[in-house]
Amino acid sequence: MNKFLSSKANSIEPYTPGEQPRDKKYIKLNTNESPYPPSPFVKKAIAESNFDDLRLYPDPNVYELKKEIANRYNTKENNIFIGNGSDEILAFSFMAFFDRGDKIYYPNITYSFYSVYSSLFDLNEVKIPLKDDFTIDINDYKNLDSGIFIANPNAPTGIYLTLSQIEEIVKSNKDNIVIIDEAYIDFAFDESASSLIDKYDNLLVIQTFSKSRCLAGMRLGFAFGNENLIQGLKNIKYSFNSYTINRLSILAGIEAIKDEKYFKDTVSKIIKTRENTKKELKLLGFNVLDSRSNFLFVSHKNVFAEDIYLKLKDNGILVRYFKSDIINNYIRVTIGTDEEMSTFIENIKQIVSNN
Ligand code: PMP
């Protein structure tokens, strides 16, 4: 206890981001970044940007980027909110759509930041257990009595719900907000739930530039929803920090959205590498969940996950290990380039055969 801290700062258990060790250069398969650089047009726009303009604040409304996103996703600027990473939009959603003490529903295994936000904003989290095979039973989410968060595809399992399953949940919760966190949707071969926002005023869909758009370092996220929901997010943002998105991030975001070809090429390369890695891991005795994201969640029949994680780290490969009960025998492996994944598989072969 420190006497200068609020009771919240004294007691909260913060989210732990994936490790970024500095002792040596690792093959980084632990934070679901893209293995590919951003579109060359992003580089060009930043190189040619007006340096002197950095003395000026950026556009607080981020209009130019909203215009590009609206165009790409066939919607209107007023249905879009832009945040400093989707984490910021998630945090704003907890403030915009819930009051202290409200119930909030999400799966028991999902993005662990939801629980941190629930404690930060004093909400009453209700964790709905996944089925034994880590899938979501959508019937558990129908006709609830408060707001719902679902990551689709889910994290860290990578398992996803179809658009029609999402729609069933949204439709049966007309009086509750349903927030779909689509950080990984571009790797799922399915349509985003953003296509449903005109039909349902209780639906907010959140996406990010950090994964499929190769821009984790720029911190950009975006959300789609009915104008009233977007206004709620704006009310929170403008009560907090008007300039959440810097000038260079805005330029980068615009070019990343416009370069559809680069986006499609990199996403399909990652999907292809994912499917190959899935096959190889299965041959090596791994249980590999059916991930539709840019990572795999895997467990080996003989070697304990924490041992695999530690041995890989010793060998210069970082993956993510969560020491929590139900998933403590799984590792989460971000899909890298083909070359990185063959180094990973070679290492795994050794680890498995030495046991
Ligand atoms: N949602 C999920 C499910 C995630 O895994 C992540 C990345 N850790 C985020 C949101 C946040 O991503 P960002 O803030 O980089 O947009």
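Source: prediction; values computed, not measured. First listed ligand is number 1; within each ligand, the first listed atom is number 1. Position 1 is the first residue of the sequence; numbering continues from there.
Checked for salt-bridge contact, D122 and K8 meet the test: a charged N lies under 4.0 Å from a carboxylate O. The residues R320 and E19 are annotated as not salt-bridged, no charged nitrogen and carboxylate oxygen being separated by less than 4.0 angstrom. The residues D338 and K269 are annotated as not salt-bridged, no charged nitrogen and carboxylate oxygen being separated by less than 4.0 angstrom.
Shown in contact with Y184 at under 4.0 Å from a heavy atom are these atoms of ligand 1, numbered in order with element: 3 (C), 4 (C), 5 (O), 7 (C). Near G85, the atoms of ligand 1 lying under 4.0 angstrom from a non-hydrogen atom of the residue are 14 (O), 16 (O). Listed by number with element, the atoms of ligand 1 under 4.0 Å from a non-hydrogen atom of R219 are 13 (P), 14 (O), 15 (O).
Across all non-hydrogen atoms, the minimal contact from Y117 to D87 is OH-O, 2.8 Å.
Residue K131 places its NZ atom among more than 12 non-hydrogen atoms of other residues, nucleotides or ligands, all under 6.0 Å distant.
With respect to atom 11 (C) of ligand 1, the closest heavy atom belonging to the protein is D87 OD1, 3.1 Å. Regarding atom 8 (N) of ligand 1, its nearest protein heavy-atom neighbour is Y111 OH, 3.2 Å. Nearest protein heavy-atom contact of atom 12 (O) of ligand 1 is S86 OG, 3.2 Å.
Residue F209 places no heavy atom under 4.0 Å from ligand 1. Contact annotation: D181 has at least one heavy atom less than 4.0 Å from an atom of ligand 1.
For the side chain to side chain contact (heavy atoms under 4.5 Å, CB included) test with F149, the passing option among I180, V178, I179 is I179; the others fail.
In this structure a side-chain-to-backbone donor-acceptor pair under 3.5 Å is present from S195 to S192.
Of all the heavy atoms of S210, the ones lying under 4.0 Å from any atom of ligand 1 belong exclusively to the side chain. When heavy-atom distances to ligand 1 are checked against a 4.0 Å cut-off, K211 comes that close only through its side chain, counted from C-beta outward.
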